[in-house]
Amino acid sequence: MLDMKVIREKPDWIKDRLGTRGIKPEEIDELLTLDQQRREKITATEDLKAKRNKVSDQIAEVKRAKGDASETIAEMRQVGGQIKQLDKELAELEEKVRYILVRLPNIPKEDVPIGPNEDYNKEVRKWGTLPTWDFTPKPHWDIGEALGILDWDRAAKVTGARFVYYKGLGSRLERAVYNFMLDEHQKEGYEEIIPPYLVNKDSMFGTGQFPKFTKDVYTIIDEDEPLTLIPTAEVPLTNYYRGEILDEKQLPVYFTALTPCFRSEAGSAGRDTRGLIRMHQFNKVEMVKYVKPEESWNELEKLTNDAEEILQKLKLPYHVITLSTGDASFTSAKTYDLEVWIPAQDTYREISSCSNCTDFQARRAQIRYRDADGKVHLVHTLNGSGLAVGRTVAAILENYQNEDGSVTIPDVLVPYMHGITKITKENANGLN
RNA sequence: GGAGAGUUGGCAGAGUGGUAAUGCACCGGACUCGAAAUCCGGCGAACCGGCUAAUACCGGCGCACGAGUUCGAAUCUCGUACUCUCCUCCA
């Protein structure tokens with residue numbers, strides 16, 4: 001959520017910046033008009049309330065002196081009615097202001113490439129050398145199926161499309177990858193968290209998924225209290241401090257968590273129908289930071305580096321891109337995506353997204369800190385995947401595949417694989 | 001799932017229809033070489049609006065949250081959330 005004061009004071013700047021994200025200037029004008037009306041209404045109703053408070057005191061005094069205040073009371077009955085009416089009108093105006101305000105995206109940072117879609121994303125840097133083979137590399141779903149470590153057919157039977165069973169060393173590899181990530185992140189100072197996987201609607205609002213993106217998630221209706229299956233650990237991690245005022249000395253706070261993520265993938269029918277790239281349920285190791293505003297841009301670079309280090313240690317080629325104004329998420333002021341090399345598709349695919357949400361989520365979720373002078377400020381929140389586990393497994397299967405269909409285990413994962421250096425048809429069930 | 005109790009300022013804790021006590025803490029002052037103790041005074045979250053150079057001032061709001069009754073609600077009514085205790089159930 002944006003600061004209404006800033007919109008009021010710099011409307012042209014806001015129109016210009018949000019214009020890069022597809023917001024029409026008329027929408028801002030409407031917001032400003034409603035805000036003006038709202039403030040006038042507040043003045044009117046507060047004047048009456050001040051009067052009511054004053055006269056109520058007088059009535060109390062008269063009553064204490066055993067006097068008769070019936071005339072004043074009759075008069076105030078009217079004022080009470082007026083206040084009620086004005087408050088109702090005010091509530092309506094506030095709802096209209098809020099309706100627009102909570103649907104406006106964050107303001108992009110000045111250095112974010114401007115453009116309506118992913119074609120305008122900009123490559124920042126590239127790492128690693130692309131693998132070459134004497135044979136045609138296979139897609140990871142073929143590798144996994146042939147080894148018997150991934151089973152889509154059974155998942156389709158039991159649940160439906162976009163679900164999978166991991167089996168044997170496939171399961172162990174998944175576990176190896178996320179345990180490795182969690183351990184690495186903890187070395188960088190991220191506290192490990194196991195959060196709830198179901199969250200309420202206030203939490204979904206706090207991190208910006210609601211009210212705009214309700215159809216992208218799964219919501220469970222349990223009597224009157226709907227709960228949403230988290231689409232990312234960002235939601236429970238960032239809402240952890242919702243509504244709280246932290247002490248300056250607590251900052252920065254770094255959290256990391258492995259969680260399943262659930263996404264309905266509405267609107268992506270036909271895309272990535274095979275493999276681990278686009279699932280309704282997948283594991284992700286997430287990093288979330290709460291920082292002081294002046295630190296947040298530096299923290300975004302560090303966060304991105306922390307995610308990159310995982311790929312470097314796994315020796316997976318990737319590049320970093322800055323998402324354009326039109327491609328970045330609703331809450332983000334600037335986002336770096338890490339895209340890992342997927343040989344069978346001969347392209348880079350997103351494996352991590354690292355964003356500085358500035359005060360956008362903090363304002364929605366009311367996450368603040370008190371500085372040394374006792375003043376209260378909004379924190380800045382950041383989040384990044386470090387990394388999407390399923391996609392990492394896909395990248396490993398493809399980049400580390402051998403001609404005989406086996407897959408070599410990246411060195412750093414061997415200890416996590418209990419010493420296994422290669423997955424073959426023979427050892428794939430993990431029982432020997 | 002059943003029954004009961006609770007939720008007031010940073011903490012503790014009064015207050016059952018008429019300006020939210022008091023203590024600790026905190027801030028300022030007195031005393032003192034200085035400090036502690038003591039005394040005096042003060043502020044009391046956060047948010048919103050007005051006026052602004054202003055974190056100054058004025059006002060609103062504010063006693064878990066929401067609605068209602070009333071001239072007036074921390075106080076009465078209804079609903080909700082959470083916490084605690086007991087029973088039941090349970091990985």
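Order of the sequence lines fixes the chain letters, A, B, ..., with proteins taken first and strands second; residue numbering starts at 1 for each chain. No experiment lies behind these values; they were computed from the predicted model shown. Below, each value reflects all heavy atoms present in this structure, side chains not excepted, and no hydrogens, waters or symmetry copies.
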Would you call [X]-[Y] a salt bridge at under 4.0 Å N-O?
X	Y	value
Lys41(A)	Asp87(A)	no
Asp35(A)	Arg8(A)	yes
Glu309(A)	Lys313(A)	yes

Could you check how far [atom1] of [X] sits from [atom2] of [N], rounded to whole Å?
X	N	atom1	atom2	answer
Tyr369(A)	A46(B)	OH	P	15 Å
Glu9(A)	G49(B)	CD	P	11 Å
Arg242(A)	A46(B)	CZ	C1'	17 Å
Met4(A)	G49(B)	CE	C1'	14 Å
Asp87(A)	C48(B)	CG	C1'	13 Å
Leu246(A)	G10(B)	CG	C1'	15 Å
Lys41(A)	C48(B)	NZ	C1'	17 Å
His377(A)	A46(B)	NE2	P	11 Å

What integer number of Å spans the [atom1] atoms of [N] and [M]?
N	M	atom1	value
U19(B)	C33(B)	C1'	46 Å
A46(B)	U8(B)	C1'	15 Å
A67(B)	A14(B)	P	29 Å
A5(B)	C11(B)	C1'	22 Å
A64(B)	G59(B)	C1'	26 Å
C84(B)	G66(B)	C1'	24 Å
C43(B)	G49(B)	C1'	23 Å
C78(B)	U88(B)	P	30 Å

Exercise. Arg368(A) has a side chain; which of G18(B), C47(B), C48(B) sits nearest to it?
Worked result: C47(B)
Problem set entry | Closest listed nucleotide, where the reference is the side chain of Ala60(A) and the choices are G18(B), U19(B), A46(B) |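 For the Ala60(A) side chain, the nearest candidate turns out to be G18(B).
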Problem set entry | Plane angle bin for Phe163(A) and His280(A) - parallel if under 30°, tilted between 30 and 60°, otherwise perpendicular | tilted
Exercise. Under 3.5 Å, is there a donor-acceptor pair between the side chain of Thr219(A) and the main chain of Thr228(A)?
Worked result: no
If only side-chain N and O atoms of [X] are considered, is one of them under 4.0 Å from the OP1 or OP2 phosphate oxygen of [N]?
X	N	result
Arg370(A)	A45(B)	no
Arg38(A)	G49(B)	yes
Arg39(A)	C48(B)	no

For this session: Name the nucleic acid region contacted by Arg363(A), choosing base, sugar-phosphate or nothing; use a 4.0 angstrom heavy-atom cut-off, strictly under.
Result: nothing
Seminar exercise, completed: Going 5' to 3' through nucleotides 55-72 of chain B and flagging B where a protein heavy-atom sits under 4.0 Å of the base, S where only the sugar-phosphate is that close, and - otherwise, we get ----BSS-------S-BS
Here's one to test your reading of the geometry: is the NZ or CZ of [X] within 45 degrees of the ring axis of [Y] and under 6.0 Å from its centre?
X	Y	value
Arg364(A)	Phe330(A)	no
Lys289(A)	Tyr254(A)	yes
Arg242(A)	Tyr240(A)	no

For this session: Go through the steps for Leu31(A) and Glu26(A) under the test side chain to side chain contact (heavy atoms under 4.5 Å, CB included), then give the verdict.
Result: CA-CA 9 Å; Leu31(A) 180 59; Glu26(A) 300 84 67; over 6 Å; no
For this session: Output, in order, the C-alpha distance, side-chain angles, deciding distance and verdict of ring pair (Phe, Tyr, Trp, His ring centres under 6.0 Å) for Phe262(A) and Tyr197(A).
Result: CA-CA 9 Å; Phe262(A) 301 90; Tyr197(A) 302 154; 7.6 Å; no
For this session: Using the side chain to side chain donor-acceptor pair (under 3.5 Å) rule, collect all pairs that involve residues 155-173 of chain A, keeping only residues at least two apart or in two chains.
Result: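 For residues 155-173 of chain A, and leaving out neighbouring residues, the side chain to side chain donor-acceptor pair (under 3.5 Å) pairs sorted by first residue read Tyr166(A)-Glu174(A).
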Problem set entry | Stem list, RNA chain B (Watson-Crick or G-U pairing under 3.5 Å, at least 3 consecutive pairs) | B:1-7 with B:81-87, B:10-12 with B:22-24, B:26-30 with B:38-42, B:47-50 with B:57-60, B:64-68 with B:76-80
